[in-house]
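Input: a single structure, listed below in structure tokens.
This one's a predicted model, so the numbers in the text were calculated from it and none came from an experiment.
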Amino acid sequence: MTETANLLTVESNQNRWLITGFNLCSPIIEIDLFDDETEQESNSSCNAGFKPVNNLDDDPVFNIAANTSIQLSWSHLKGLVISVSNVQGSVGNITNSLGDRLILPTMLALSRSNSVDRQYPPLNLTFEGTGEFGSDVRLGSTAVLNQGVISAYEQTPITHERYLLQEFSLTTGDTIRFEKTNGDAALMKGFFRVGLNSDGISSGMHFVSYSSSGTHADTEESDRIKVFRFGTDGYFFSPTLWARIESAPDIILLISGLGLVLGVIEIFKMLRLKSKEGE
């Protein structure tokens with residue numbers, strides 16, 4: 001669970017979000033302080049320098065363009081705030097069930113207050129791209145990663161069974177990033193959920209994301225997770241050799257089978273020794 005995250009999208013159907021109940025704002029290119037329209041916009045729900053964008057009715061869907069930077073933050077005071085930008089062009093478009101389409105600018109701010117969560121079902125927004133969860137703990141920082149667990153899974157080469165290899169617990173203030181062994185950002189998929197918990201209280205963004213840890217055939221680079229922890233230079237989460245040995249079902253089966261064979265051999269030796277003594 002985290003209060004902040006940064007994503008960079010790729011071309012994918014996973015980057016389509018239902019944005020019912022969101023306020024949308026776009027930057028004002030030129031501000032005229034003596035213009036009546038500017039004065040009305042400054043009194044809107046948008047921050048200074050932004051103007052409202054009319055969201056579409058009837059299940060509006062935000063289709064996010066590739067190479068769009070997304071900054072997400074959550075707080076008890078403001079709720080969910082999302083800032084999106086794209087240096088290559090439009091951040092995407094909004095469509096609805098009636099076939100309407102709204103082309104968006106290069107920057108957009110979306111927000112949804114915690115009070116709105118009581119009117120709508122919890123948000124489950126999927127994504128695909130690169131990203132980082134949490135932020136550095138420093139002077140003035142408020143949004144951090146609260147808690148989480150990194151789980152490493154592997155697949156057996158014989159039975160193709162998926163099993164839990166090792167887990168690592170995250171603490172408050174950690175920052176994690178999926179990356180390749182050469183330091184480049186690694187592609188990941190996942191979703192985040194925002195809504196009320198079982199006590200009826202908004203508690204932040206719950207992220208579930210995953211990335212393949214196998215080696216890429218084209219680059220021979222494998223994916224890994226880097227953990228930045230306050231007071232350290234950061235370190236990589238990587239399952240140990242012993243964890244792989246003691247968790248792999250195929251290896252456990254092989255060791256068990258070998259132990260059984262050795263046991264049978266030992267029993268056979270004892271019976272043979274006793275038969276010789278009887279002679």
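Nearest approach of Ala5 to Met205, heavy atoms of both residues: N-CE, 4.4 Å. Taking all atoms of both residues into account, the shortest heavy-atom contact from Val53 to Cys25 is CG2-C, 4.1 Å. When all heavy atoms of Ser26 and Pro105 are compared, the pair lying nearest together is CB-CG, 3.8 Å. Considering every non-hydrogen atom in both Thr130 and Met188, the closest pair reads C-CE, 3.7 Å. Taking all atoms of both residues into account, the shortest heavy-atom contact from Thr95 to Asn63 is OG1-ND2, 3.2 Å.
The side-chain heavy atoms of Val84 and Ile64, taken from C-beta on, include no pair separated by under 4.5 Å. Taking the side chain as every heavy atom from C-beta outward, Val227 and Phe168 approach each other to under 4.5 Å. Inter-residue side-chain proximity for Thr175 and Leu145 is flagged as unmet; no heavy-atom pair is nearer than 4.5 Å.
For the atom pair CG of Leu125 and CG of Leu80, the computed distance is 7.5 Å after rounding to the nearest 0.5 Å. To the nearest 0.5 Å, the span separating CZ on Arg101 from CG on Leu56 amounts to 10.5 Å. To the nearest 0.5 Å, atoms OG1 (Thr4) and CG (Leu72) are separated by 7.5 Å. With rounding to the nearest 0.5 Å, the separation of CD1 in Ile19 from CG in Leu24 is 5.0 Å. Atom-to-atom distance recorded for Ile176:CD1 and Thr2:OG1 is 8.5 Å, nearest 0.5 angstrom. We find the CZ-CD1 distance between Phe178 and Ile225 to be 4.0 Å, quoted to the nearest 0.5 Å.
In this structure a side-chain-to-backbone donor-acceptor pair under 3.5 Å is present from Thr9 to Thr68. Judged purely by atom type and a 3.5 angstrom limit, Asn15 uses its side chain to pair as donor or acceptor with the backbone of Glu128. Without hydrogens or angle criteria, Thr20 side chain to Asp59 main chain gives no donor-acceptor distance under 3.5 Å. Proximity of a side-chain donor or acceptor of Arg112 to a complementary backbone N or O of Ile82 within less than 3.5 Å is not detected. With Asn86 contributing its side chain and Ala66 its backbone, the two residues share a donor-acceptor pair below 3.5 Å. With Ser90 contributing its side chain and Thr106 its backbone, the two residues share no donor-acceptor pair below 3.5 Å. Checking side-chain atoms of Asn55 against main-chain N and O of Pro60 turns up no donor-acceptor pair under 3.5 Å.
Using cut-offs of 30° and 60° for the angle between ring planes, the Trp17 and Phe192 rings count as perpendicular.
For the side-chain contact (heavy atoms from CB on, under 4.5 Å) test, residues two or more places apart in sequence or in another chain that qualify with Asn23 are Ser45, Ser111. The side-chain contact (heavy atoms from CB on, under 4.5 Å) check on Ser85 picks up Ser69, Met107, with sequence neighbours excluded.
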Next item on the list: Starting from the C-alpha separation in whole Å, work towards a yes-or-no answer on side chain to side chain contact (heavy atoms under 4.5 Å, CB included) for Phe62 and Leu110.
Entry: CA-CA 11 Å; Phe62 180 18; Leu110 304 90; 4.2 Å; yes

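The hydrophobic cluster around Val61 extends to Leu18, counting ILVMFWY residues whose side-chain heavy atoms fall within less than 4.5 Å of a member.
In terms of hydrophobic clustering, with Ile, Leu, Val, Met, Phe, Trp and Tyr side chains grouped at heavy-atom distances under 4.5 Å, Ile94 and Val81 are assigned to different clusters.
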